[in-house]
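Protein chains get the first letters and strands the later ones, always in sequence-line order, with residue 1 at the start of each. Every value quoted in this text rests on a predicted model; they were computed, and no experiment measured them. Values reported hereafter were calculated over all heavy atoms of this structure, with side chains retained and with hydrogens, waters and symmetry mates removed.
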Protein chains: 2
Amino acid sequence: MDLTIGQVAERTGLSVHTLRFYEKEGVLARPPRRAAGGHRLYAEHDVEWLNLCVVLRGSGMPLPEIRRYTELARSGAGTEPARLELLRAHQQRLRDQLAELGRCMDVITHKVHCYEDYLAQHDAAQ
Amino acid sequence: MDLTIGQVAERTGLSVHTLRFYEKEGVLARPPRRAAGGHRLYAEHDVEWLNLCVVLRGSGMPLPEIRRYTELARSGAGTEPARLELLRAHQQRLRDQLAELGRCMDVITHKVHCYEDYLAQHDAAQ
DNA sequence: GTAGGAACTAGAGTCGGCTCTAGCACAAGC
DNA sequence: GCTTGTGCTAGAGCCGACTCTAGTTCCTAC
């Protein structure tokens, strides 16, 4: 039932290095247990938590804020409103970012069309 | 008709520092002319070019690639196919990124709903 | 002519987020 | 029992993209 750091790396897409780094940064709800020889032992829920963190990171949440969210979750009951607020704020930022990227996409698509038209014209002339 | 670096900063949203930095990085089609005292003099088309660069950067294109695009544009006629290819590649990356961010948004929205439901339940129980 | 703000240069510093190194311990398969 | 791979720690290094500093010069308005 326990997973090695390598197995967790495989299941989260994070590198072994990054997993240790995240642990140091307080991204894990609690540090994993250790085997006799000092090797980390992860549980399934650690993987789930990390996969959520991957989503948060992948959408641009900075590590300190992920740590804050983790701390709230670690504190347990009563912190739900704060957690909700944090997620909502991130959701809004993400919405804004999507809108901004959409505008960028429009500009780029327009540029692409300009070049396509130009080249179509140019090729036809030959 | 000429613009100072400060005016260009205002019109592009870039800082004066960043404008000089971009110039050093070869992001400008050609370095701006200089006034008698050595101050940079920008033309309107520099602002347009920079605004395109802002869009490219804002959508995640790294500076070396922007420089490459700039160099192609500087080389003039004949480089249009290469420019088109570069833009198309970026467009594809942007599409992928938008899709990825959309998936992140779905996960986060789901999380938000979980908390909302939980809190609604919790509040009703009081 | 002088004060204050804007611009100049070269180069150093910062920041976030990894990523890698060194040197060593442990473990699994033959 | 030995090799090969995986893991451990602490800490250094790297990368991209700015961002700022120091020391100086230039322009504008009084």
Side-chain angles (χ1 to χ4, degrees), chain A residues 2-28 31-43 46-47 50-70 90 93-94 97 100-101 104, chain B residues 1-28 31-43 46-47 50-70 90 93 97 100-101 104:
Chain A
D2 287 324
L3 300 164
T4 68
I5 196 167
Q7 289 169 322
V8 173
E10 207 165 317
R11 289 191 201 197
T12 56
L14 298 167
S15 76
V16 169
H17 288 306
T18 302
L19 282 170
R20 289 195 278 249
F21 169 69
Y22 275 12
E23 183 182 330
K24 213 164 50 185
E25 292 294 302
V27 163
L28 267 72
R33 295 177 306 114
R34 298 299 180 115
H39 289 200
R40 288 170 178 80
L41 290 179
Y42 293 84
D46 290 323
V47 174
L50 281 165
N51 277 329
L52 173 59
C53 292
V54 166
V55 166
L56 295 176
R57 266 304 295 134
S59 52
M61 186 183 284
L63 284 180
E65 196 167 340
I66 298 184
R67 172 166 51 227
R68 171 123 193 286
Y69 182 64
T70 302
H90 183 59
R93 276 200 307 270
L94 191 42
Q97 198 196 339
E100 170 65 16
L101 287 180
C104 291
Chain B
M1 284 299 80
D2 288 325
L3 301 164
T4 68
I5 196 168
Q7 289 169 322
V8 174
E10 208 165 316
R11 290 190 201 199
T12 56
L14 298 168
S15 75
V16 169
H17 288 308
T18 302
L19 282 171
R20 288 194 279 248
F21 169 68
Y22 275 12
E23 183 181 329
K24 213 164 50 188
E25 292 294 302
V27 163
L28 267 73
R33 295 178 306 113
R34 299 299 181 113
H39 290 199
R40 287 168 179 82
L41 290 179
Y42 294 83
D46 290 323
V47 174
L50 281 165
N51 277 330
L52 174 59
C53 292
V54 166
V55 166
L56 295 176
R57 267 301 299 134
S59 53
M61 186 182 282
L63 283 179
E65 196 166 339
I66 297 183
R67 174 168 46 228
R68 171 122 191 287
Y69 181 63
T70 302
H90 182 60
R93 277 200 307 272
Q97 198 196 340
E100 171 64 15
L101 286 180
C104 291

Exercise. Taking the side chain of A:Y22 as heavy atoms from C-beta outward, which of C:dA27, C:dA7, C:dC18 is closest to it?
Worked result: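 Output: C:dC18.
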Seminar exercise, completed: Picking from D:dG7, D:dA17, C:dG17, the nucleotide nearest the side-chain atoms of A:R57 would be C:dG17
Mind calculating the distance between [atom1] ([X]) and [atom2] ([N]) to the nearest angstrom?
X: A:F21; N: D:dT9; atom1: CZ; atom2: C1'; answer: 16 Å
X: B:L19; N: D:dC20; atom1: CG; atom2: C1'; answer: 15 Å
X: B:L3; N: C:dA7; atom1: CG; atom2: P; answer: 11 Å
X: B:E25; N: D:dC15; atom1: CD; atom2: P; answer: 14 Å
X: A:I5; N: C:dC26; atom1: CD1; atom2: P; answer: 17 Å
X: A:Y42; N: D:dT6; atom1: OH; atom2: C1'; answer: 13 Å
X: B:L41; N: D:dC26; atom1: CG; atom2: P; answer: 15 Å
X: B:E65; N: D:dG16; atom1: CD; atom2: P; answer: 13 Å

Is the shortest side-chain N/O distance from [X] to OP1 or OP2 of [N] below 4.0 Å?
X: B:R34; N: C:dT9; answer: yes
X: B:R40; N: C:dC8; answer: yes
X: A:T4; N: D:dG7; answer: yes

Exercise. Just wondering, more than 12 heavy atoms not from A:E100 lying within 6.0 Å of its CD?
Worked result: yes
Exercise. How is A:S15 classified with respect to the nucleic acid when contacts are heavy atoms under 4.0 Å: base, sugar-phosphate, or nothing?
Worked result: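 Counting heavy atoms under 4.0 Å across all strands, no contact is made by A:S15.
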Exercise. Reckon B:R20 touches a base, only the sugar-phosphate, or nothing at all at heavy-atom distances under 4.0 Å?
Worked result: base
Exercise. Want to settle it: does B:K24 or B:V16 sit nearer the 5' end of DNA chain C, counting the closest nucleotide to each?
Worked result: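 Looking at the nearest nucleotide for each, B:V16 comes out on the 5' side.
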Problem set entry | Sub-4.5 Å side-chain heavy-atom contact between B:L19 and B:R40 | no
Problem set entry | Side chain proximity check, A:Y42 to A:R11, heavy atoms < 4.5 angstrom | no
For this session: Using heavy atoms to find the nearest nucleotide of DNA chain D for B:L63 and B:H17 separately, return the residue whose nucleotide is more 5′.
Result: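 Its nucleotide being nearer the 5' end, the pick is B:L63.
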Exercise. Which residue, B:H39 or A:G6, contacts DNA chain D at a nucleotide closer to its 5' end, judged by nearest heavy atom?
Worked result: A:G6
Problem set entry | Value rounded to 0.5 Å, distance of NE2 in B:H90 from CD1 in B:I66 | 8.0 Å
Problem set entry | A:R57 with A:E25: basic N within carboxylate O range, under 4.0 Å |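 No, A:R57 and A:E25 are not salt-bridged.
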